[in-house]
There are 2 protein chains.
Amino acid sequence: MSDGRSTPRQQHRDARTTAIVEVARRLLGEVGPGQLSLRAVARELDLVPSAVYRYFSGRDHILTELITDGYRRLGGAVAGAEDALPRDDLLARWRSVWTTTRGWGVEHPHEWALLYGSPVPGYAAPAETVVLATMVVGRLAGVVFDARERGRPRPAGAPPLPPGTRADVEQVAAGLPALGITAPDEVDPVDVVLVLDAWTHLVGTVSFELFGHYVNAVAHPQEHLELVADDWSRRLGLEAAAG
Amino acid sequence: MSDGRSTPRQQHRDARTTAIVEVARRLLGEVGPGQLSLRAVARELDLVPSAVYRYFSGRDHILTELITDGYRRLGGAVAGAEDALPRDDLLARWRSVWTTTRGWGVEHPHEWALLYGSPVPGYAAPAETVVLATMVVGRLAGVVFDARERGRPRPAGAPPLPPGTRADVEQVAAGLPALGITAPDEVDPVDVVLVLDAWTHLVGTVSFELFGHYVNAVAHPQEHLELVADDWSRRLGLEAAAG
DNA sequence: GAGCCTGGAGAACACTGTTCTCGGAAGCGA
DNA sequence: TCGCTTCCGAGAACAGTGTTCTCCAGGCTC
């Protein structure tokens, strides 16, 4: 946020900027997006509303900042948990990504809604966000690629991909290095699709839990999520060779 | 909405009530929830804002009505499409539920966001909604149950369910008749979990497309969704015996 | 030390949801 | 047909909201 040398003014500016985001995030946790009020943020900081406009172009700008911030925090939590595990324990790493993602969502439901719920109207993802938003799915892909590298193949039974999806996969595979994902030289297109689907299912499951679609259906969401995670790991051939 | 005999007053009231909802739904399609304004609805009907309160207790009440209305319409679209297919063509019925659901979402993205996006703050699902909300997953379950009835088993390879999930499944199975879902006498618990997961994956996939999480990843969402649908049908053993 | 410029104050505008009172008109029973 | 009741809409008001504008003082920069 601050460039190299920091004048006193720049320091003050940075402090205020982060203070605004911090307060906004705290209020977001209390009331949820849509109810987040710029004036409330200003009040909390003993500021007049118009003063906030020195730092942000408006309410949506603050929300945008909270979104990138949320992706950063979620990604950080997932990365931290997975990095603490031995690289060879693919199954533990895979489950870690799933449970850490859910854990973060359960702890920060409003931020989760901001990231994966209805998009905010004025929001156009800045360039920085697109790489941040891929952290979770990137970790999923990392485990799968490591499994292939260790000679664990995917169970048979997948049909060939239709042409449109093949094109999509090529697009994705070409963009992997830019996202910091180390992929094998020859990426299996089916792996790419399955990882994308597993990611979708992961986020969908957590969203269903947090958004109340599982009432009267799933009373043990943690257990259920682990079940789904193991299911996908089996389909991706992550478990030990002896089934 | 109207009970048996309808006095002129009741007629007028019903007409106004539906008119308000209709206008609200049209405006919702233009601006999205959160931007939907009670005053704008009133303006459109040449009404003063306070007059709307004769029919709805507030803005959230209108949104609640739009939610139940949305579930009804989505469910109706799905049911209509599936009922037009021969009951024995399980695969076609299965795909129909998937593609019809996506098609409705693509046509009504804001209503989709209302149903499956971030929950509305003041919204507590009325009793009527819980049955409406299960229409899509109920149709998925119906296809699977019909497959079992026709002697198509699920492919092997599923691990036993952990105790918490077993309890959840029993709860769900006990509630099936109340939802109008005809289930076999002995419901396979794994089938219930898989249907729930397929439903989650379906909604998650459409949401990811509509909410912009698939940019730079899935340029052919229709084809991708069909791929996912077929994938689940294979895991559920819906296709003809000869693979 | 002179000057610029930045950040905050304050007022104002156009909205929003919601509550209240009040009037008139339409429906209803006799 | 008359009179009463009920109900619907108008209107004003209040407390909020996001946003824009002008103005000014203080601190930073040169």
Side-chain angles (χ1 to χ4, degrees), chain A residues 1-24 27-28 30-67 114 120-124, chain B residues 1-21 23-24 27-28 30-67 110 114 120-124:
Chain A
M1 194 161 278
S2 66
D3 48 6
R5 54 183 186 73
S6 73
T7 78
R9 275 208 168 144
Q10 190 64 34
Q11 277 187 348
H12 173 68
R13 182 168 188 83
D14 289 354
R16 263 279 146 83
T17 307
T18 66
I20 290 174
V21 174
E22 268 179 29
V23 168
L27 292 183
L28 174 69
E30 296 171 7
V31 299
Q35 317 302 318
L36 180 64
S37 144
L38 182 147
R39 292 181 106 102
V41 173
R43 265 195 304 272
E44 203 85 2
L45 292 165
D46 278 313
L47 279 181
V48 86
S50 60
V52 179
Y53 283 79
R54 299 286 173 196
Y55 303 91
F56 293 94
S57 64
R59 202 190 79 112
D60 286 354
H61 189 187
I62 300 181
L63 281 180
T64 298
E65 199 58 36
L66 286 178
I67 291 176
L114 198 58
V120 311
Y123 173 73
Chain B
M1 191 163 278
S2 66
D3 48 7
R5 52 183 187 72
S6 72
T7 78
R9 277 213 164 137
Q10 189 64 34
Q11 279 186 349
H12 173 68
R13 182 169 187 82
D14 288 355
R16 263 278 145 83
T17 307
T18 65
I20 290 174
V21 175
V23 169
L27 292 182
L28 175 69
E30 297 172 6
V31 300
Q35 318 302 316
L36 180 64
S37 143
L38 182 146
R39 291 181 107 102
V41 173
R43 264 195 304 272
E44 203 84 1
L45 292 166
D46 277 314
L47 279 180
V48 87
S50 60
V52 180
Y53 284 79
R54 298 285 173 198
Y55 304 90
F56 294 93
S57 64
R59 202 191 78 111
D60 285 356
H61 189 186
I62 299 181
L63 281 179
T64 298
E65 199 59 34
L66 286 178
I67 290 176
H110 291 131
L114 197 58
V120 179
Y123 174 73

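Note that these values count all heavy atoms, side chains included, but never hydrogens, waters or copies made by symmetry. Below, chains carry the letters A, B, ... as their sequence lines are ordered, and counting in each starts from 1.
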Taking C-beta and beyond as the side chain, do A:Arg16 and A:His12 meet within less than 4.5 Å on heavy atoms? yes
Is there a donor-acceptor contact under 3.5 Å from the side chain of A:Arg59 to the main chain of A:Leu36? yes
Any non-hydrogen side-chain atom of B:Phe56 less than 4.5 Å from a side-chain atom of B:Val21? yes
Can you name the nearest heavy-atom pair linking A:Ala24 to A:Ile62, along with the distance? CB-CG2, 3.7 Å
Just to verify, what does A:Ala15 make a side-chain contact (heavy atoms from CB on, under 4.5 Å) with, not counting sequence neighbours? none
Looking only at heavy atoms, what is the nearest atom pair of B:Pro49 and B:Leu38, with distance? O-CD2, 3.9 Å
Polar-atom pairs under 3.5 Å, protein N or O versus N or O of nucleotides 6-9 of chain D: list them with distances, or write none.
residue, atom, partner, partner atom, Å
D:dT6, O2, B:Arg9, NH1, 3.3
D:dT6, O2, B:Arg9, NH2, 2.8
D:dC8, OP1, B:Arg13, NH1, 2.8
D:dC8, OP2, B:Arg13, NH1, 3.4
D:dG9, OP1, B:His12, NE2, 3.2
D:dG9, OP1, B:Arg16, NH1, 2.0
D:dG9, OP1, B:Tyr55, OH, 3.4
D:dG9, OP2, B:Tyr55, OH, 2.5
D:dG9, N7, B:Arg54, NE, 3.0
D:dG9, N7, B:Arg54, NH2, 3.4
D:dG9, O6, B:Arg54, NH2, 2.2

Do B:Glu65 and B:Ile20 have side chains that get closer than 4.5 Å, going by heavy atoms? no
Who passes side-chain hydrogen bond (donor to acceptor under 3.5 Å, both in side chains) against B:His61, sequence neighbours left out? B:Ser57
N/O to N/O distances under 3.5 Å, protein versus nucleotides 13-17 of chain D:
residue, atom, partner, partner atom, Å
D:dT17, OP1, A:Ser37, OG, 3.3
D:dT17, OP1, A:Arg43, NH2, 3.3
D:dT17, OP2, A:Arg43, NH1, 3.3

Residues forming a side-chain contact (heavy atoms from CB on, under 4.5 Å) with A:Gln35, sequence neighbours excluded: A:Val31, B:Pro121
Along DNA chain C, first and last positions that approach a heavy atom of chain B under 4.0 Å: C:dT16 to C:dC28
At their closest point, which heavy atom of A:Arg54 faces which heavy atom of A:Arg13, and how far apart are they? O-NH2, 2.6 Å
